[in-house]
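Report on the following structure.
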There are 2 protein chains.
Amino acid sequence: MDTSLFDEAILKEFTLSFKTIEVPARTILLREGEISKKAFFIESGCLRVWFNNNGKECTTQFFFEREMVSSIESFRTGAPGLFNIESIEPCVIKVITKAELDKIEQNSPIFRKRMEETILKRLFVYQKLFLSRIKDSPEKRYHDLLENNPEMILRIPQHYIASYLGITSVSLSRIRRRG
Amino acid sequence: MDTSLFDEAILKEFTLSFKTIEVPARTILLREGEISKKAFFIESGCLRVWFNNNGKECTTQFFFEREMVSSIESFRTGAPGLFNIESIEPCVIKVITKAELDKIEQNSPIFRKRMEETILKRLFVYQKLFLSRIKDSPEKRYHDLLENNPEMILRIPQHYIASYLGITSVSLSRIRRRG
DNA sequence: GAGATTTATTAACAATTGTTATCGGCTGAC
DNA sequence: GTCAGCCGATAACAATTGTTAATAAATCTC
């Protein structure tokens with residue numbers, strides 16, 4: 001997370017508020033249907049965001065080192081989140097509670113503004129996810145991923161990639177064979 | 001649009017700023033790729049939002065009487081919008097410019113707050129659109145629409161419905177025949 | 001009202017994906 | 001080292017959708 005816009009005092013309180021945890025792979029940090037009370041900053045490892053779709057796991061996003069993950073929508077509405085946040089690899093993660101974030105937000109107009117920007121960014125993320133599903137075939141989406149995020153393909157188990165592309169791992173295997 | 005939260009002076013300025021226009025069906029109010037400078041309030045008639053996907057029109061939303069339509073994302077970023085806004089029926093529409101909205105927003109904290117809420121709502125709209133595409137087959141999406149918005153099915157030409165469901169009108173015909 | 005345009009249905013065929021099942025390879029636990 | 005479990009590839013079959021084309025019905029234009 002880029003913290004350059006915070007003033008010193010806020011930044012200090014911000015970093016002090018974090019608690020560091022270590023989790024093995026396949027650990028669920030936030031469960032679908034629960035009200036989100038924490039935000040996560042990934043020091044090392046990677047996470048995926050997914051939801052249960054009639055017994056099938058649907059992965060919507062991956063997050064890596066130095067990325068911040070939370071259900072900002074759930075923060076705002078206080079409603080249960082729609083997604084699970086789960087580790088794919090063993091991770092070192094910094095955790096901050098919503099209560100602490102709220103306190104910082106109250107004392108810092110800059111931080112408040114950043115939160116608004118984050119909401120707008122999330123809107124564009126969903127817009128992009130939505131349009132990608134419509135515009136492109138699973139095959140094209142795979143090739144795009146291969147071109148733009150090859151490290152993702154190498155790092156993340158294939159069945160998660162398939163789940164992210166919205167197809168079965170069988171179908172992804174076929175696409176890979178086709179070239 | 002619910003205006004109950006505005007104070008009197010703002011509300012007056014707000015309503016005075018509107019200019020009423022009448023347009024026939026198939027009129028494009030905002031063109032994809034243009035920077036949005038206006039917002040529309042539908043008095044009568046209905047609009048659809050769509051984008052060009054390799055020569056095929058993809059409809060993402062429909063709007064009806066008493067609904068406000070604009071590219072709020074484009075407003076915020078100043079970047080070209082991704083969508084066309086087009087009339088399906090002859091419409092009576094109230095138009096307000098972004099410049100006027102900006103002026104009102106500057107003078108009214110309440111209005112500013114409403115805009116933030118609107119952004120959050122848009123986020124949920126995209127979230128819902130995205131999840132619906134993933135979770136449900138076109139057939140299920142059609143039946144859901146039939147159950148929850150039967151008036152939409154009656155009012156809107158079928159090929160637009162098909163475009164909204166993400167299928168061809170041929171496929172929609174087949175689904176309808178299957179029952 | 002006649003002709004043109006748009007809209008919806010249906011048919012036939014191709015292509016892609018899902019489903020189910022099998023198999024081999026890899027990894028981790030003990 | 002061995003066993004169990006997970007992961008990826010492949011095959012065979014079913015189901016759905018897209019594509020193209022033909023046709024009928026509805027609507028619009030003049």
Side-chain angles (χ1 to χ4, degrees), chain A residues 22-28 45-46 48 50 52-59 62 86-91 132-146 150 152-179, chain B residues 22-28 45-46 48 50 52-59 62 86-91 132-146 150 152-179:
Chain A
E22 287 187 42
V23 295
R26 296 166 154 276
T27 305
I28 295 187
C46 72
R48 71 184 181 112
W50 63 275
N52 183 314
N53 181 22
N54 281 99
K56 273 170 218 156
E57 295 186 4
C58 247
T59 304
F62 299 106
E86 181 180 337
S87 61
I88 292 179
E89 306 170 354
C91 294
S132 159
R133 288 264 167 179
I134 295 180
K135 287 191 157 177
D136 308 324
S137 66
E139 181 156 4
K140 173 149 178 12
R141 293 224 308 288
Y142 174 71
H143 288 129
D144 285 354
L145 205 61
L146 201 56
M152 239 174 78
I153 307 257
L154 292 173
R155 185 166 175 183
I156 293 176
Q158 219 140 102
H159 62 286
Y160 291 145
I161 299 278
S163 154
Y164 174 75
L165 293 172
I167 53 179
T168 60
S169 56
V170 175
S171 191
L172 179 54
S173 271
R174 283 191 287 235
I175 289 172
R176 284 162 64 86
R177 184 167 41 141
R178 287 205 292 268
Chain B
E22 287 187 41
V23 296
R26 295 166 154 277
T27 305
I28 293 188
C46 70
R48 72 184 180 111
W50 62 276
N52 182 315
N53 181 23
N54 282 100
K56 271 169 218 155
E57 295 186 4
C58 245
T59 304
F62 299 107
E86 181 180 338
S87 61
I88 293 179
E89 304 171 354
C91 294
S132 160
R133 288 261 168 181
I134 295 181
K135 286 191 157 176
D136 307 325
S137 67
E139 180 156 3
K140 173 147 178 12
R141 294 225 307 288
Y142 173 71
H143 288 129
D144 285 353
L145 205 61
L146 201 56
M152 241 174 76
I153 306 256
L154 293 173
R155 186 168 175 182
I156 293 176
Q158 220 138 103
H159 61 287
Y160 292 143
I161 299 278
S163 154
Y164 174 76
L165 293 173
I167 53 179
T168 61
S169 57
V170 175
S171 191
L172 179 54
S173 270
R174 282 191 288 234
I175 288 172
R176 284 162 62 85
R177 185 169 38 144
R178 286 205 293 268

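Proteins come first, then strands; the chains are lettered A, B, ... in the order of their sequence lines, and each starts at number 1. Because the structure is a prediction, the values reported are computed rather than measured. Only heavy atoms go into these numbers, but all of them, side chains included; no hydrogens, no water, no symmetry mates.
B/Pro90 is linked by a side chain to side chain contact (heavy atoms under 4.5 Å, CB included) to B/Ala25, counting only residues two or more places apart in sequence or in another chain. Residues satisfying the side-chain hydrogen bond (donor to acceptor under 3.5 Å, both in side chains) test with B/Glu22, not counting sequence neighbours, are none. Contacts of A/Phe62 classified as ring pair (Phe, Tyr, Trp, His ring centres under 6.0 Å), with partners at least two apart in sequence or in another chain: A/Tyr164. Take B/Arg141 and apply the side chain to side chain contact (heavy atoms under 4.5 Å, CB included) test, not counting sequence neighbours, and it matches B/Ser132, B/Arg133, B/Asp136, B/Leu165. B/Cys91 meets the side chain to side chain contact (heavy atoms under 4.5 Å, CB included) test with B/Val23, B/Leu47, B/Ser87, B/Ile93; sequence neighbours excluded. Applying the side-chain hydrogen bond (donor to acceptor under 3.5 Å, both in side chains) criterion to A/Asp144, with sequence neighbours excluded, gives A/Lys140. Here A/Thr59 pairs with A/Arg48, A/Ser163 under the side-chain hydrogen bond (donor to acceptor under 3.5 Å, both in side chains) rule; sequence neighbours left out.
For the segment residues 156-166 of chain B, the set of residues with a heavy atom within less than 4.0 Å of an atom of DNA chain D comprises B/Gly166, in numerical order. Non-hydrogen atoms lying under 4.0 Å from DNA chain C are contributed by nothing in residues 52-59 of chain B.
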Using the 3.5 Å cut-off, write out each protein N or O paired with an N or O of nucleotides 12-16 of chain D and the distance between them.
residue : atom : partner  : partner atom : Å
D/dA12  : N6   : A/Arg174 : NH1          : 3.3

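Each end of the helix from C/dG1-D/dC30 to C/dC30-D/dG1 gets its own axis from five base pairs, and the two axes differ in direction by 50°, given to 10 degrees.
Sorted by first then second residue, the side-chain hydrogen bond (donor to acceptor under 3.5 Å, both in side chains) pairs that include residues 167-179 of chain B, not counting sequence neighbours, are B/Glu139-B/Arg178, B/Tyr142-B/Arg176, B/Gln158-B/Arg176.
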